[in-house]
Amino acid sequence: MAFDVARVRAAYPALADGDAHLDGAAGTQVPAAVADAIAGAWRAGIGNLGGAFPGSERSRRLVAECRRAFADLVGGDPGGVVLGPNMTTLTYRLAGALAAAWGPGDEVVVSRLDHDANVRPWVQAAARAGATVRWAEVDLATGELPAGQYDALLSGRARLVAVTAASNVLGTRPDVAAITARAHAAGALTYVDGVHAAAHGPVDLAALGADFLATSAYKWSGPHVGAVAADPGLLSGLHPDKLASSPDAVPERFELGTPPFADYAGVVAAVDHLAALDPRAGGTRRARLVASTTAAEAHEQELFGELLAGLDAMEHVRTFGRAPRRTATAYFTVAGRTPRAVAEQLAARGVNVWNGHNYAWELTGALGIRDAGGAVRAGLVHYNDRTDVDRLLDGLAELRP
Ligand SMILES: Cc1ncc(COP(=O)(O)O)c(C=O)c1O
């Protein structure tokens with residue numbers, strides 16, 4: 001049976017606005033179950049942690065369930081799931097904690113494929129520690145991040161390799177396992193950005209060789225909550241700045257202040273929703289997640305093939321990226337129009353796309369398009385259908401010079 005996209009779409013109230021939502025890479029819509037879970041948590045009553053009354057106990061359970069949900073999504077240990085407002089904040093937090101042990105002569109490897117949130121925190125932490133930053137380069141013709149270059153990059157005293165599991169503009173999925181294997185052989189830790197990847201297929205922390213794996217629920221039908229999954233033993237050895245009065249246990253040690261308990265209920269509902277995308281999937285929630293996101297990825301890739309064929313057939317459209325393994329994310333410019341003008345003209349037709357560098361700061365700089373407004377990004381997620389693709393292609397055809 002084919003992926004039942006009509007059934008999936010019916011779960012998302014916001015899709016009823018009639019727009020073609022191709023902006024999912026910047027944040028998806030949420031199913032009714034997620035909005036209901038958040039409202040339900042508030043309606044049931046929420047108390048801060050540590051109180052002697054039921055609302056506080058409910059919040060304690062929400063935190064535990066949220067950790068379990070993120071852990072199931074990435075194949076991690078709930079006891080090693082650090083929760084936070086978003087990936088950027090968490091990455092700065094982890095960079096600060098890890099860099100406390102770095103010094104002059106140590107090296108950190110970042111990539112020009114990555115979203116700036118997996119670059120700048122490391123570059124700045126390295127600068128403070130006196131450590132050296134080494135850069136993995138992108139093959140600009142294909143958008144690939146060749147793993148072989150890491151042999152030379154890891155010849156020194158590397159402490160950390162930060163790399164993305166998928167580019168948020170080109171969609172490129174580097175061979176992360178090959179990169180992290182090299183990093184580990186050189187004695188470095190690995191920090192993998194799974195924010196874009198987790199929205200487009202199954203993610204497995206161990207298979208990626210990630211010591212730390214970051215993800216953000218708003219990219220996959222959840223609320224604005226981020227998480228970093230790691231081995232609890234690894235986290236135990238790190239000591240971030242924290243209040244004297246807050247828990248020193250792992251993973252709480254890394255979490256600052258009062259969390260958004262109700263949103264945590266939304267994270268659980270989003271993970272349950274992803275696990276049910278393929279109603280035939282059975283077994284544990286982790287098993288259902290793997291099966292369902294695999295089915296969703298196949299659906300996205302089928303549509304993506306049509307989208308790319310349509311874009312390639314238009315002489316006035318220039319696409320970026322040709323990596324054989326990539327998410328259903330198209331990045332392109334239109335002759336004679338700025339990316340912003342294209343996005344505005346498409347928006348006038350009810351087609352929602354993103355424009356700009358999309359924080360792929362180094363990559364768009366290397367491609368020479370950052371200062372000219374970047375490019376247009378049209379990203380498919382599991383709730384997009386053929387009509388969305390057709391509407392985008394029709395809109396672009398009208399922009400022929
Ligand atoms: C690949 C990638 N990494 C990191 C981020 C930053 O995530 P957050 O908004 O959770 O800080 C994004 C957000 O666009 C992203 O797409």
Side-chain angles (χ1 to χ4, degrees), residues 2-6 8-9 12 15 19-29 73 113 115 142-145 164-176 193-203 215-216 218-222 270 273-274 277-278 289-314 317-333 342-343 346 351-355 358 360 363 374-396:
F3 187 77
D4 189 352
V5 68
V8 170
R9 289 177 67 82
Y12 286 81
L15 299 185
D19 284 357
H21 291 264
L22 297 167
D23 60 328
T28 54
Q29 304 304 321
L73 187 75
L113 185 67
H115 186 288
T142 63
E144 290 185 89
L145 183 72
T164 191
S167 155
N168 65 314
V169 291
L170 303 184
T172 309
R173 287 179 178 279
D175 188 349
V176 174
D193 178 357
V195 172
H196 191 70
H200 299 285
V203 173
T215 180
S216 232
Y218 75 96
K219 304 288 190 179
W220 36 262
S221 308
H273 167 77
L274 294 182
L277 283 177
D278 182 351
L289 278 164
V290 171
S292 283
T293 53
T294 300
E297 183 176 18
H299 162 73
E300 286 180 24
Q301 287 294 330
E302 189 183 332
L303 285 183
F304 191 47
E306 294 174 22
L307 172 56
L308 285 183
L311 293 176
D312 285 344
M314 292 188 213
V317 172
R318 175 187 173 202
T319 56
F320 296 92
R322 294 254 167 265
R325 289 179 69 243
R326 57 177 162 154
T327 64
T329 314
Y331 199 48
F332 56 90
T333 49
V342 174
L346 290 171
V351 176
N352 303 345
V353 295
W354 213 257
N355 66 280
N358 300 313
L363 179 67
V376 179
R377 178 178 65 185
L380 301 172
V381 295
H382 55 261
Y383 56 61
N384 288 118
D385 64 8
R386 186 153 286 122
T387 308
D388 295 334
V389 172
D390 290 345
R391 287 175 67 185
L392 171 63
L393 293 175
D394 289 349
L396 290 172

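We number each residue from 1, following the sequence as shown. Everything numeric here is computed off the predicted structure, so don't read it as measured data.
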Task: Gap between atom CG of Leu170 and atom CZ of Arg377 - 0.5 Å precision - done: 10.5 Å
- [ ] Any chance you could lay out the side chain to side chain contact (heavy atoms under 4.5 Å, CB included) test for Leu277 and Phe3, step after step, and finish with the verdict?
- [x] CA-CA 8 Å; Leu277 283 177; Phe3 187 77; 4.2 Å; yes
Task: Parallel, tilted or perpendicular: rings of Phe320 and Tyr331 (30°, 60°) - done: tilted
Open item on the list: Once rounded to the nearest 0.5 Å, what's the spacing between atom CZ of Arg391 and atom CG of Leu22?
Closed with: 9.0 Å
Open item on the list: Determine whether a donor-acceptor pair (N or O, by modelled atom type, separation under 3.5 Å) exists between the side chain of Arg326 and the backbone of Gly321.
Closed with: yes
- [ ] Provide the closest heavy-atom pair for Phe304 versus Thr327 in the form atom of the first, atom of the second, distance.
- [x] CE2-O, 3.5 Å
Task: Residues His196 and Thr329: side-chain donor-acceptor under 3.5 angstrom - done: yes
TODO: Identify the two heavy atoms, one from Ala165 and one from Val176, that lie closest to each other, and give their separation to 0.1 Å.
DONE: CA-CG2, 3.8 Å
- [ ] Could you pull out all residues at least two apart from Val317 that satisfy side chain to side chain contact (heavy atoms under 4.5 Å, CB included)?
- [x] Leu311, Met314, Thr319, Phe332, Val334
Open item on the list: If you compare all heavy atoms of Gly222 against all heavy atoms of Ala270, which two are closest, and at what distance to 0.1 Å?
Closed with: CA-CB, 3.6 Å
TODO: Keeping the roles fixed (side chain from Asn168, backbone from Asn358), state whether a donor-acceptor pair exists under 3.5 Å.
DONE: yes
- [ ] Provide the closest heavy-atom pair for Asp278 versus Ala295 in the form atom of the first, atom of the second, distance.
- [x] OD2-CB, 3.9 Å
Open item on the list: If you count every heavy atom of other residues, nucleotides or ligands that lies below 6.0 Å from Gln301 atom CD, does the total exceed 12?
Closed with: yes
Open item on the list: If I compare all heavy atoms of Thr294 with all of Val290, which pair ends up nearest, and what's the gap?
Closed with: OG1-O, 2.6 Å
Task: Main-chain N/O of Ser167 paired with Thr172 side-chain donor or acceptor, under 3.5 Å - done: no
TODO: Apply side chain to side chain donor-acceptor pair (under 3.5 Å) to Asn384 and list each qualifying residue two or more places apart in sequence or on a separate chain.
DONE: Asp388
Task: Whether Tyr12 and His273 hold their rings parallel, tilted or perpendicular, with breakpoints at 30° and 60° - done: perpendicular
TODO: Apply side chain to side chain contact (heavy atoms under 4.5 Å, CB included) to the pair His200 and Val381, showing each step before the final yes or no.
DONE: CA-CA 7 Å; His200 299 285; Val381 295; 4.0 Å; yes
Task: Selection residues 304-313 - residue pairs positive for salt bridge (Lys or Arg N to Asp or Glu O under 4.0 Å), sequence neighbours left out - done: Glu306-Arg386, Asp312-Arg322
Open item on the list: Measuring from atom OG1 of Thr164 to atom NE2 of His115, what distance do you get when rounded to the nearest 0.5 angstrom?
Closed with: 9.0 Å
Task: Set of residues satisfying side chain to side chain contact (heavy atoms under 4.5 Å, CB included) with respect to Ala291, sequence neighbours excluded - done: Ala281
- [ ] Assess whether side chain to side chain contact (heavy atoms under 4.5 Å, CB included) is satisfied between Leu396 and Val342, documenting all intermediate values.
- [x] CA-CA 8 Å; Leu396 290 172; Val342 174; 4.0 Å; yes
- [ ] Run through Thr28, Val203, Thr215 and flag the one making a side-chain contact (heavy atoms from CB on, under 4.5 Å) with Trp220.
- [x] Thr215
Open item on the list: For a quick test of reading the model, state the closest non-hydrogen atom pair linking Gly374 to Thr333 and the distance between them.
Closed with: O-CG2, 3.8 Å
- [ ] Evaluate the side chain to side chain contact (heavy atoms under 4.5 Å, CB included) criterion for residues Val8 and Asp385: first the C-alpha distance (whole Å), next the side-chain angles of each, then the deciding distance (0.1 Å), finally the verdict.
- [x] CA-CA 10 Å; Val8 170; Asp385 64 8; over 6 Å; no
TODO: Answer yes or no: is there a donor N or O on one side and an acceptor on the other, between the side chain of Tyr383 and the main chain of Gln29, under 3.5 Å?
DONE: yes
Task: Donor-acceptor under 3.5 Å (Lys219 side chain, Gly24 main chain) - done: no
- [ ] Under the salt bridge (charged side-chain N to carboxylate O under 4.0 Å, His left out) rule, collect the residues that match up with Glu297, sequence neighbours excluded.
- [x] Arg173
Open item on the list: Suppose we screen for salt bridge (charged side-chain N to carboxylate O under 4.0 Å, His left out). Which residues come up paired with Asp19, at least two apart in sequence or across chains?
Closed with: none
